[in-house]
Chemist: 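Starting off with a structure, shown below.
Order of the sequence lines fixes the chain letters, A, B, ..., with proteins taken first and strands second; residue numbering starts at 1 for each chain. Remember, predicted model here, so these are calculated numbers, not experimental data.
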Amino acid sequence: MLDKNYNPKDFEEKIYEKWEKDGDFKPDMKSDKDAFCIVIPPPNVTGVLHMGHALDDTLQDILIRYNRMLGKKVLWQPGTDHAGIATQMVVERNLAKEGISRHDLGREKFIDTVWQWRKQSGGTICKQLRRLGASCDWSRERFTMDEGLSAAVRKIFVKMYKDGLIYKAKKLVNWDSKFMTAISDLEVVQKETIGKMYYYKYPIEGEAGEYIHIATTRPETMFGDTAVAVSKNNDKLKHLIGKNAILPIVNRPIPIIADDHADPEKGTGAVKITPAHDFNDFEVGRRHNLPLINILNPDATLNENTPFPGLDTQTARQKTIEKLEELGLMEKIEDHPMVIPYGDRSGVVIEPLMTDQWFVDTPKLAKEAIRVVEDGEMEFVPKSYEKTYFEWMRNIQPWCISRQLWWGHQMPIWYAEDGTIFCEETEDEAQAAADKHFGHHVELTRETDVLDTWFSSGLWAFSTLGWPYENSEYLKTFYPTSVLVTGFDIIFFWVARMMMMSMYAMKQVPFKKAYIHGLVRDEQGRKMSKSKGNTVDPMETIDKYGADALRFFMAAMETQGRDINLSENRIAGYRNFATKLWNAARFGEMNEAKPSKDFSPTLVKQAINKWIIAKAKEATLEVTNNLDAFRFSDAANGVYQFVWGTFCDWYIEMIKPILYGDDETAKQETKATFAWVMDRILVILHPFMPFITTELWDNLAARDEKLIKHAWPQDEAIDNHATAAIDWVIDTVSAIRSLRSEMNLPASAKLKAYIKDSSTDVSSYVKEFSNIICSLSRLDSIEELNGTITPDMVQTVSGSTTILLPLKGVVDFSAERERLQKEIAQLDKNLAGYAAKLSNANFVERAPAKVVEEEKKRQTEALANKAKVEAALARIANL
RNA sequence: GGGUGUGUAGCUCAGGUGGUUAGAGCGUUACGUUGACAUCGUAGAGGUCGCAGGUUCGAGUCCUGCCACUCCCACCA
């Protein structure tokens, strides 16, 4: 017996545990069916589930469950990411609470601490994914720092190094002074701010009283200046080219050079050049062979190349200005809108800094990654994201992969004392290579830098499947994977890197399709963030409304290319939908509608049952087609509409007279049909709402087979002729209900109704369905009009059918006249439209014959209806 | 500066290849406790589809321009 109330808490977790225990998420490797595989975008080990995950993983689970039911060999490969900076940050923060820094511990102990920390709290997000219903094969859970995945990292790294695709270079990189590491371009976020523009002047060497005027937003960097640039087309300033300016405070002469980087229209037309601290200046410096002077320490304080060693940049800036003012060189300070780079994780200002770093030659790797998308080997859904991808890939810069962190994959690089580099997968191999190279034993030291987290994530599609060491059945079976589902915000971080790394390592795309979705925003459409305090915890939502409601919300709201605004109201609405289904199932249970093995939908005799079977098959086809096209909202709304609007609102109401009547044959068939349709609903709803569907499946009958593995119905014949009769009943009932409501006929008023229609079909419908119609529209009786229309009959028209209600004494006829006038006005409006079209020779000649025919039919029908309404009006003219 | 997307009912949004009277949920109005469900039912009100042109027999849908907003990338000495 089902509980009176739908209470997801009672069964969701229990059901999940059973699935997992029974191994239902594992692919049947012996099956000869097609493979279907999704690798999960690995959440950070430090992470907790947020609404973005809830969306991403719901969509994946829908696809996974759908394909599993299609009978494919299905693997959803789960795992987590070690998330270098993020994790190190969290662990360091925890240590800081005890007053310990990572340096107190030393590298090895610190890394141990991270592993310990991962052990105790690393499983949180995977537990939360289980609450959501994610049917991942947890027995294959991977972590980017696992030995297997680390082996993959080492192998690829060495191969790339030997292929010349990884190299070390001294370059200007984005430097994060909080973590004291280089970061990639993508980890820098630009923020608009109102800063200051400082105007001051440098004296010209040997020309007393002559100055060159400078404008800068960062005066403190002047100690790193090694030139001033002026455009050779700058008539006002070009005479200074070739002379020297004297850098004030430090009194160092620097050349005034000609370079087009200096735009005569901007600032003062003269630009101070600081090659070691500005990306543009670096290029200018290279063109002119300028020396580089580094003025910063790794923590972004000024160094001993400046008069202010140890001061942070802000303080040094003030000091510099004071000095310039003392020297009488400061001219003015203006507000200036500008964009300042910040570290996306650290939140501190990013400094361009000259350091030795390791790079991947991404411009080279991008070529194949671009080609396979051009050739359609990998498709973006929606397709428009291709453009974003191409745009970025075609302008890609070398990727800085070295991080001066501790938590991550230490690079497999060893240095001999003379600096010779040996890159091998193991220390022994490196040693052997070094010894051979030098002809004798040499001491090696290992590179301390670790790799950017995204390096190992880039291998995720094949490293999780066992590459390179396991001779993996899984790799053979599931690679390339079927589809990747992820947010547009990590196309560059991850999708692009996976494409490049996979094409390089595997010579095959990592996934055949990439489904890209938007962001989950708050109710007002604002981005959710902890700092704004507008985040909603999916776990709380699940506690309150059930996982099924949250999942269905995500599916129903997911339309391609748009963000989703979270709406608690709407989630509650989908909880109500689950309640509705629950109660429909209870209705079946109370009426002993049990699924029967002998039942075949093709043998059904009664129109009502034929009708619902055809509708159920239509709904199935709709869901199937939409899921195949990744149209999640259309798929979800299709089931929703069928369950609530068709099955509950019409079918259940229509079969009540049968179930409470005494035609045993009809009753039995109806019960069996009900059960069949209920089962069908559970099947097609299962990918969206796995919990309630399973709970009902298991409770409504003894089953041979689990719902999660039940076959998805395919290639069904739909009897399109089976629906006409019941569609007519629905139209008729709707028309009568409207009429009753518009005329304010009390619900208690039991009425007689007459039907007038020339069609012989309708004659038989009236007899066959009179009890259904009466029950649904609260009539005493309904029959064909036998005789003439009496003046007190109020009429309404539906299609070719005229419905007449004798209402003498029940109704205010002036209101009825008004209603009929309104109806005539509406018909006139439509008729004018039809006439305009049909009298247009162009339309009649050029539109397809079918369209013209339809238009004529509509016109004829409207004319007939108008005549009827006018007649009705005439009849009651004097009442 | 380069690129992308969006603008449809009070609100949040659907409307693959142009073709009935433009849909849903929520909200709202009226009625209703009828033997699954008030987490409900029935009926209704509510839209010049951002603006202006164009293509077409026919445009919410295609094209051009404009307005407003979103996001991404680059850069601003």
Side-chain angles (χ1 to χ4, degrees), chain A residues 2 4-6 185 190 197 214-218 221 228-229 261-263 266-274 278-281 284 336-339 384-385 387-388 391-392 395 488-489 491-492 518-519 523-525 556-557 559-565 567 569-570 572-591 625-626 629 631 633-634 637 640-641 645 648-649 652-653 656 659-660 734 737-742 744-748 775-778 826 829-830 833-834 837 840-848 850-852 854-855 857-858 862:
Chain A
L2 292 174
K4 180 156 170 36
N5 294 311
Y6 163 63
D185 298 348
Q190 310 285 347
M197 180 70 88
I214 305 290
T216 180
T217 53
R218 306 197 55 189
T221 63
V228 174
H261 170 60
D263 182 342
K266 277 188 185 169
T268 61
V271 186
K272 67 192 269 304
I273 302 298
T274 323
D278 181 283
F279 289 99
N280 285 315
D281 291 5
V284 177
H336 182 71
M338 54 195 288
V339 179
S384 56
Y385 283 108
K387 270 192 178 172
T388 316
E391 187 62 25
W392 191 71
N395 297 301
F488 73 89
D489 49 330
I491 292 180
F492 303 144
L519 244 51
E523 200 117 34
Q524 283 85 43
M557 297 302 287
T559 51
Q560 291 183 8
R562 263 186 105 119
D563 289 344
I564 291 177
N565 293 354
S567 159
N569 234 337
R570 204 152 174 149
Y574 291 123
R575 189 268 326 268
N576 295 353
F577 173 60
T579 308
K580 187 80 183 170
L581 176 66
W582 187 266
N583 281 306
R586 280 181 62 230
F587 174 80
E589 198 180 44
M590 288 170 179
N591 288 285
N625 289 340
N626 284 316
R631 301 177 65 87
S633 72
D634 288 340
N637 291 328
Y640 181 96
Q641 188 48 46
C648 292
D649 286 350
I652 290 184
E653 294 308 320
K656 280 177 182 173
L659 294 177
Y660 306 145
S734 299
R737 283 172 172 174
S738 286
L739 186 66
R740 290 187 70 124
S741 170
E742 277 170 44
N744 291 318
L745 299 177
S748 55
S775 137
L776 294 189
S777 41
R778 302 181 68 78
Q826 180 61 44
K829 205 176 124 197
N830 294 348
Y834 304 142
K837 269 192 182 175
N840 180 342
N842 271 328
F843 173 74
V844 179
E845 282 161 28
R846 306 172 83 150
K850 204 182 119 211
V851 175
V852 178
E854 276 171 19
E855 200 69 13
K857 214 177 111 194
R858 272 175 227 133

Chemist: Provide the distance between the two P atoms, one in B:rU48 and one in B:rC66, to the nearest whole Å.
Modeler: 26 Å
Chemist: Which whole number of Å gives the distance between the C1' atom of B:rG60 and that of B:rU17?
Modeler: 16 Å
Chemist: Over all strands shown, is A:A584 touching base, sugar-phosphate only, or nothing at heavy-atom distances under 4.0 angstrom?
Modeler: base
Chemist: Roughly how many Å apart are B:rG58 and B:rG18, using the C1' atom of each and rounding to a whole number?
Modeler: 8 Å
Chemist: Check whether A:R586 reaches the backbone of A:N5 with its side chain - one donor and one acceptor, N or O, closer than 3.5 Å.
Modeler: no
Chemist: How long is the line joining OH of A:Y385 and C1' of B:rU4, in whole Å?
Modeler: 9 Å
Chemist: Measure all distances between protein nitrogen or oxygen atoms and nitrogen or oxygen atoms of nucleotides 25-34 of chain B, and list the pairs falling under 3.5 Å.
Modeler:
{"from": "B:rC26", "atom 1": "O2'", "to": "A:N569", "atom 2": "ND2", "distance (Å)": "3.3"}

Chemist: In whole angstroms, how far is the C1' atom of B:rC40 from the CZ atom of A:R586?
Modeler: 13 Å
Chemist: Take A:Q560 and A:Y6, find for each the nucleotide of RNA chain B with the closest heavy atom, and name the residue whose nucleotide sits nearer the 5' end.
Modeler: A:Q560
Chemist: When the C1' atoms of B:rA38 and B:rU33 are considered, how many whole Å apart are they?
Modeler: 8 Å
Chemist: When the distance from NZ of A:K837 to C1' of B:rU20 is rounded to whole Å, what number comes out?
Modeler: 8 Å
Chemist: What is the nucleic acid contact for A:D278, judged by heavy atoms within less than 4.0 Å: base, sugar-phosphate only, or nothing?
Modeler: nothing
Chemist: Pick the C1' atom in B:rU6 and in B:rC13, then give their distance to the nearest Å.
Modeler: 12 Å
Chemist: Give one of base, sugar-phosphate or nothing for A:T216, where a contact means two heavy atoms less than 4.0 Å apart.
Modeler: sugar-phosphate
Chemist: Please work out if A:T559 contacts a base, only the sugar-phosphate, or nothing of the nucleic acid, heavy-atom cut-off 4.0 Å.
Modeler: sugar-phosphate
Chemist: Tell me if a side-chain donor or acceptor on A:D563 pairs with a main-chain N or O of A:L519 at a distance below 3.5 Å.
Modeler: yes
Chemist: Can you tell me which stems involve RNA chain B, if a stem is defined as three or more consecutive Watson-Crick or G-U wobble pairs, both distances under 3.5 Å?
Modeler: B:1-3 with B:71-73, B:5-7 with B:67-69, B:10-13 with B:23-26, B:28-32 with B:40-44, B:50-54 with B:62-66
Chemist: Just N and O in the side chain of A:S633: are any of them under 4.0 Å from OP1 or OP2 of B:rA14?
Modeler: no
Chemist: Atom CG of A:D489 and atom P of B:rC73: how far apart are they, to the nearest Å?
Modeler: 10 Å
Chemist: Check whether any side-chain N or O of A:N583 sits under 4.0 Å from OP1 or OP2 of B:rC40, and answer yes or no.
Modeler: no
Chemist: Would you say A:R218 and A:T274 make side-chain contact, with heavy atoms under 4.5 Å?
Modeler: no
Chemist: Consider the side chain of A:K656, meaning its heavy atoms from C-beta on, and name the nucleotide among B:rC72, B:rA36, B:rU6 that approaches it most closely.
Modeler: B:rA36
Chemist: Which part of the nucleic acid, if any, lies within reach of A:P337 when heavy atoms closer than 4.0 Å are counted: base, sugar-phosphate only, or nothing?
Modeler: nothing
Chemist: Over all strands shown, is A:R575 touching base, sugar-phosphate only, or nothing at heavy-atom distances under 4.0 angstrom?
Modeler: base
Chemist: From CZ of A:R631 over to P of B:rG16, roughly how many Å is that when rounded to an integer?
Modeler: 7 Å
Chemist: Does B:rG41 have its OP1 or OP2 closer than 4.0 Å to a side-chain nitrogen or oxygen of A:K580?
Modeler: yes
Chemist: Over all strands shown, is A:F577 touching base, sugar-phosphate only, or nothing at heavy-atom distances under 4.0 angstrom?
Modeler: nothing
Chemist: In whole Å, what separates the C1' atom of B:rC71 from that of B:rU28?
Modeler: 34 Å
Chemist: Got A:D281 and A:H261 here, is their nearest side-chain heavy-atom distance under 4.5 Å?
Modeler: yes
Chemist: Do the non-hydrogen side-chain atoms of A:N565 and A:M557 ever get within less than 4.5 Å of each other?
Modeler: no
Chemist: A:A556 near the nucleic acid: base, sugar-phosphate alone, or nothing, with a heavy-atom cut-off under 4.0 Å?
Modeler: nothing
Chemist: A:W582 on top of B:rA36's base, within under 5.5 Å and under 30°?
Modeler: no
Chemist: Could you work out, with ring-ring contact (aromatic ring centres under 6.0 Å, His included) as the rule, every residue matching A:Y640, not counting sequence neighbours?
Modeler: A:Y574, A:F577, A:W644
Chemist: Can a side chain N or O of A:K387 be found less than 4.0 Å away from OP1 or OP2 on B:rC72?
Modeler: no
Chemist: Have a look at A:N565 and say if it touches a base, only the backbone sugar-phosphate, or nothing, with a 4.0 Å heavy-atom cut-off.
Modeler: sugar-phosphate
Chemist: What is the distance from CE of A:M557 to C1' of B:rA24, rounded to the nearest Å?
Modeler: 11 Å
Chemist: How long is the span from the CD atom in A:Q641 to the CG atom in A:D649, to the nearest 0.5 Å?
Modeler: 8.0 Å
Chemist: Of all heavy-atom pairs between A:K656 and A:F587, which one has the smallest distance, and what is that distance?
Modeler: CE-CE1, 3.8 Å
Chemist: For the residue pair A:V851 and A:F843, establish whether any side-chain heavy-atom pair is separated by less than 4.5 Å.
Modeler: yes
Chemist: NA contact type, A:D563, heavy-atom cut-off 4.0 Å: base, sugar-phosphate, or nothing?
Modeler: nothing
Chemist: Taking B:rG10 as the reference, what is the distance to B:rG47 when you measure between their P atoms (whole Å, please)?
Modeler: 7 Å
Chemist: Between B:rC75 and B:rC11, how far apart are the P atoms? Round to whole Å, please.
Modeler: 40 Å
Chemist: Would the distance check show the side chain of A:R740 and the main-chain N or O of A:S777 forming a donor-acceptor pair, the cut-off being under 3.5 Å?
Modeler: yes
Chemist: Grab the CG-P distance between A:N280 and B:rC75 for me, whole Å please.
Modeler: 7 Å
Chemist: In this structure, how many angstroms lie between the P atom of B:rU12 and the CD atom of A:Q524, rounded?
Modeler: 10 Å
Chemist: Would you say A:C648 and A:K580 make side-chain contact, with heavy atoms under 4.5 Å?
Modeler: yes
Chemist: Hey, does A:I491 have a side-chain heavy atom less than 4.5 Å from the side chain of A:Y385?
Modeler: yes
